[in-house]
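All values derive from a computational prediction rather than experimental measurement. Counting starts at 1 for both ligands and their atoms, in listed order. Numbering of residues begins at 1 and proceeds along the displayed sequence. All values below come from the heavy atoms of this structure, side chains included, with hydrogens, waters and symmetry mates left out.
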Amino acid sequence: MTVSSGEPNPDMPAGPLPPDAALPPEAALPGAGVPDAFGRLWTPHRLAYIQGAGKPTGPGAHEGCPFCVAPTLTDEEALIVARGELVYAILNLYPYNSGHVLICPYRHLADYTELSGAEAAEFGDFTMRAIRALRDASGPHGFNIGMNLGTVAGAGIAAHLHQHVVPRWGGDTNFMPVVGRTRVLPQLLVDTRKVLADAWPAV
Ligand SMILES: [Zn+2]
């Protein structure tokens with residue numbers, strides 16, 4: 001389940017491979033097939049992001065808004081953690097940390113002030129449940145919680161309101177996001193979804 005590096009691959013011998021007898025030595029690339037010292041970060045969800053998957057084609061609800069499409073899929077397909085009456089919780093496809101949850105109203109609206117009273121109440125309730133589920137599942141040391149209203153404020157999908165719930169651990173920011181613009185995520189999203197859905201409190 002971990003995608004971090006340095007774990008032995010049972011399909012690969014631990015040491016350098018023997019020379020390939022079928023190839024003359026000069027035909028082989030130097031180092032080809034020889035495990036190197038570098039670990040590997042497998043981030044298949046990032047590939048989808050780079051390829052533009054899930055990007056809306058316009059600001060409307062029927063222009064590929066991922067937060068309108070997600071509830072029409074199964075929980076597993078959409079990475080939905082829990083569904084309420086008016087709002088739902090979904091994993092961020094591009095998480096800043098493992099367990100980065102988004103709380104979304106089902107209604108396609110952009111601004112927090114557009115929520116009805118009932119929607120705002122469940123929005124807050126789901127934020128609390130997300131915190132409790134994350135605490136129960138993975139014991140974070142703290143949280144970042146909030147909304148980016150408008151593209152200029154950093155909202156990736158500005159047309160559909162969503163609240164970020166990001167669990168934080170001491171030392172979870174290292175040189176990788178700073179230098180490499182790469183975040184190291186030790187758990188695959190499908191596994192995270194299952195863990196959080198199981199930990200989601202009923203009340
Ligand atoms: Zn939407």
Side-chain angles (χ1 to χ4, degrees), residues 43-134 137 143-168 177 181 183 185 187-203:
T43 56
H45 55 285
R46 294 294 303 178
L47 184 61
Y49 184 44
I50 291 163
Q51 290 169 344
K55 292 274 182 67
T57 56
H62 303 293
E63 295 177 290
C65 172
F67 297 139
C68 286
V69 172
T72 69
L73 307 174
T74 67
D75 288 358
E76 289 77 14
E77 286 170 331
L79 297 170
I80 287 176
V81 174
R83 297 177 193 244
E85 265 184 60
L86 303 170
V87 309
Y88 67 95
I90 186 170
L91 288 187
N92 190 340
L93 269 184
Y94 320 115
Y96 288 106
N97 251 344
S98 287
H100 182 165
V101 170
L102 304 173
I103 312 297
C104 307
Y106 292 116
R107 277 205 303 149
H108 183 84
L109 48 85
D111 199 272
Y112 183 55
T113 63
E114 294 176 66
L115 289 176
S116 71
E119 282 170 331
E122 199 177 38
F123 196 74
D125 176 56
F126 258 51
T127 302
M128 286 194 279
R129 291 199 215 193
I131 294 168
R132 292 195 188 109
L134 284 161
F143 291 89
N144 291 113
I145 292 165
M147 293 168 262
N148 301 319
L149 301 185
T151 304
V152 71
I157 310 291
H160 196 131
L161 181 70
H162 53 281
Q163 168 127 281
H164 296 259
V165 180
V166 184
R168 300 297 306 269
R181 295 187 61 77
R183 290 182 187 275
L185 302 164
Q187 192 174 47
L188 291 177
L189 289 170
V190 286
D191 300 323
T192 304
R193 191 212 70 81
K194 177 81 169 71
V195 167
L196 287 181
D198 289 347
W200 194 261
V203 287

Heteroatom of H160 nearest to the Zn ion (ligand 1) (N, O or S, atom name): ND1
Tell me, which N, O or S atom in H108 is closest to the Zn ion (ligand 1)? ND1
On the 0 to 90° scale, with breaks at 30° and 60°, tag the F67-H160 ring pair as parallel, tilted or perpendicular. perpendicular
Tell me whether the rings of H100 and H164 are parallel (<30°), tilted (30 to 60°) or perpendicular (>60°). tilted
How wide is the angle at the Zn ion (ligand 1) between SG of C65 and SG of C68, to the nearest 10°? 120°
Check the pair I103, V101 against side chain to side chain contact (heavy atoms under 4.5 Å, CB included), reporting the backbone distance first and the verdict last. CA-CA 7 Å; I103 312 297; V101 170; 3.9 Å; yes
Taking 2.8 Å as the cut-off, does an N/O/S atom of C104 lie below it from the Zn ion (ligand 1)? no
Can you find a heavy atom in the side chain of V190 that is under 4.5 Å from one in the side chain of K194? no
